[in-house]
Asker: 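Can you keep this structure in mind? I'll have questions shortly.
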Amino acid sequence: MIRIQRGGERYPGGDPDAGIDTRHAFSFGRFYDPDNLRFGALLACNEERLAPGAGFDEHPHSHTEIVTWVVEGELTHRDSTGRATLVRPGDLQHLSAAAGVRHVERNDGPDPLVFVQMWLAPLDPGGDPSYDVVRGIADATPYALPASGALLHVRRLHLGDRSALPDADLLYVHVTRGTVRLAGEELSTGDAARVTGERDLAVLATGDAEVLVWEMRVSHPAA
């Protein structure tokens, strides 16, 4: 089964007056939808657009694996473990909130910032917070998130490229830029597909494109 969610169907959020424009793929905050709480381990997939100087002041997280992918601009991250990092396009950031962590996310650069932030439930809550940045992650090397039993694949495609998707219980396919075709459906920037129990799938680039693919299993609690 494949369920398509168009970018325009996401719940609007953020604070536009403060330069923060957010689009939520899942039930979030005041946009409560009991039929759209999660997909496998994935609890949130938020598209964030921050104007120069805008950002999220220090706020807490716990029992969540937070993976951030910068599409455009430069993200400034600081957290209560003492880390301060600049995250740029092509870098993958992973903050394991564990038993509790506080952090700040800002656009301190001169250009607009666009990033996708994905929250995943851990298999076992608690533990100590941890932080990781992979600079210039390669397409051929998926990022393993064992705390959530998930793998993240990055696909950067040119017009006409075809890329096979992994055979998995669950796939979440999110287009960060460009256009691709999946099982006869055209997906463009901001569109996503939730795939359950399908095999031998591939994405075909109908223009230059970048796609994030979560590979998950149904055995995750509450999946």
Asker: Can you establish whether the number of heavy atoms outside Arg181 located under 6.0 Å from its atom CZ is more than 12?
Answerer: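 Counting neighbours around CZ of Arg181, 12 or fewer heavy atoms of other residues, nucleotides or ligands fall under 6.0 Å, so no.
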Asker: Tabulate below the donor-acceptor pairs under 3.5 Å that side-chain atoms of residues 112-119 make, not counting sequence neighbours, or state none.
Answerer:
unit_1: Gln117; atom_1: OE1; unit_2: Trp119; atom_2: NE1; d: 3.1
unit_1: Gln117; atom_1: NE2; unit_2: Thr68; atom_2: OG1; d: 3.0
unit_1: Gln117; atom_1: NE2; unit_2: Glu105; atom_2: OE2; d: 2.5

Asker: Assess the residue pair His77 and Leu95 against the criterion (side chain to side chain contact (heavy atoms under 4.5 Å, CB included)); give the C-alpha distance rounded to whole Å, side-chain angles, the decisive distance to 0.1 Å, and a yes or no.
Answerer: CA-CA 10 Å; His77 169 270; Leu95 174 63; 4.1 Å; yes
Asker: Say you draw a straight line from CG of Asp161 to CG of Leu204; how long is it, rounded to the nearest 0.5 Å?
Answerer: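 Atom-to-atom, Asp161:CG and Leu204:CG are 8.5 Å apart.
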Asker: Going by heavy atoms in the side chains, are Leu212 and Trp214 under 4.5 Å from each other?
Answerer: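 A side-chain contact is absent here, since even the closest heavy-atom pair is not under 4.5 Å.
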Asker: Kindly indicate whether the side chain of Val211, heavy atoms from C-beta on, has any atom under 4.5 Å from the side chain of Val173.
Answerer: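 With C-beta onward as the side chain, the pair touches.
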Asker: Check whether any side-chain heavy atom of Leu92 lies under 4.5 Å from a side-chain heavy atom of Trp69, and answer yes or no.
Answerer: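 A side-chain contact under 4.5 Å exists here.
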Asker: State, with a plain yes or no, whether a side-chain heavy atom of Thr22 is found less than 4.5 Å away from one of Phe28.
Answerer: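 Counting from C-beta outward, Thr22 and Phe28 never come under 4.5 Å.
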Asker: For residues Glu185 and Arg6, report the shortest heavy-atom separation together with the two atoms involved.
Answerer: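 Shortest heavy-atom separation between Glu185 and Arg6 comes out as OE1-NH2, 3.1 Å.
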Asker: Counting N and O atoms only, with roles assigned by atom type, does the side chain of Asp167 sit under 3.5 Å from a partner on the main chain of Asp200, one being a donor and the other an acceptor?
Answerer: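 Checking the backbone N and O of Asp200 against the side chain of Asp167, a donor-acceptor pair under 3.5 Å is found.
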Asker: Under 3.5 Å, is there a donor-acceptor pair between the side chain of Ser27 and the main chain of Asn36?
Answerer: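 No, the answer is negative, given that no donor and acceptor are paired below the 3.5 Å cut-off.
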Asker: Hey, are the side chains of Leu165 and Val195 touching, using non-hydrogen atoms and a 4.5 Å cut-off?
Answerer: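 The answer is no, as the side chains (C-beta and beyond) never meet within the 4.5 Å cut-off.
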Asker: Given 3.5 Å as the limit, does a donor-acceptor pair link the side chain of Asp191 with the main chain of Gly7, or not?
Answerer: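 At least one qualifying donor-acceptor pair exists.
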Asker: Are side-chain N/O atoms of Thr206 and Glu186 paired as donor and acceptor at under 3.5 Å?
Answerer: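 Glu186 and Thr206 do have a side-chain donor-acceptor pair below 3.5 Å.
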Asker: Parallel under 30°, tilted from 30 to 60°, perpendicular over 60°: which one fits the rings of Phe56 and His59?
Answerer: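 Phe56 and His59: perpendicular rings.
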Asker: Does the side chain of Arg217 come within less than 4.5 Å of Asp169's, by heavy atoms?
Answerer: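 Side-chain contact under 4.5 Å: yes.
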Asker: Under a 4.5 Å cut-off applied to non-hydrogen side-chain atoms, are His103 and Ser80 in contact?
Answerer: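 Not in contact.
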Asker: Given Leu120, which partner from the list Ile66, Leu152, Leu43, Leu145 fulfils the side chain to side chain contact (heavy atoms under 4.5 Å, CB included) test?
Answerer: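 Single pass found, and it is Leu145.
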Asker: Is there side-chain contact between Leu42 and Leu170, with heavy atoms separated by less than 4.5 Å?
Answerer: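 Not in contact.
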Asker: Among pairs that include at least one residue of residues 49-65, which meet salt bridge (charged side-chain N to carboxylate O under 4.0 Å, His left out), considering only residues two or more places apart or in two chains?
Answerer: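 Pairs touching residues 49-65 that pass the test: Glu47-Arg49, Asp57-Arg106, Glu58-Arg102.
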Asker: Just jot down the salt bridge (charged side-chain N to carboxylate O under 4.0 Å, His left out) partners of Asp79, sequence neighbours excluded, or say none.
Answerer: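 By the salt bridge (charged side-chain N to carboxylate O under 4.0 Å, His left out) rule, Asp79 matches no residue at all.
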Asker: Please report the interatomic distance CZ(Arg156) to OG(Ser163), rounded to the nearest 0.5 Å.
Answerer: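 It comes to 12.0 Å.
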Asker: Parallel, tilted or perpendicular, judged at 30° and 60°: which one describes the rings of His94 and Tyr143?
Answerer: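 Correct class here is perpendicular.
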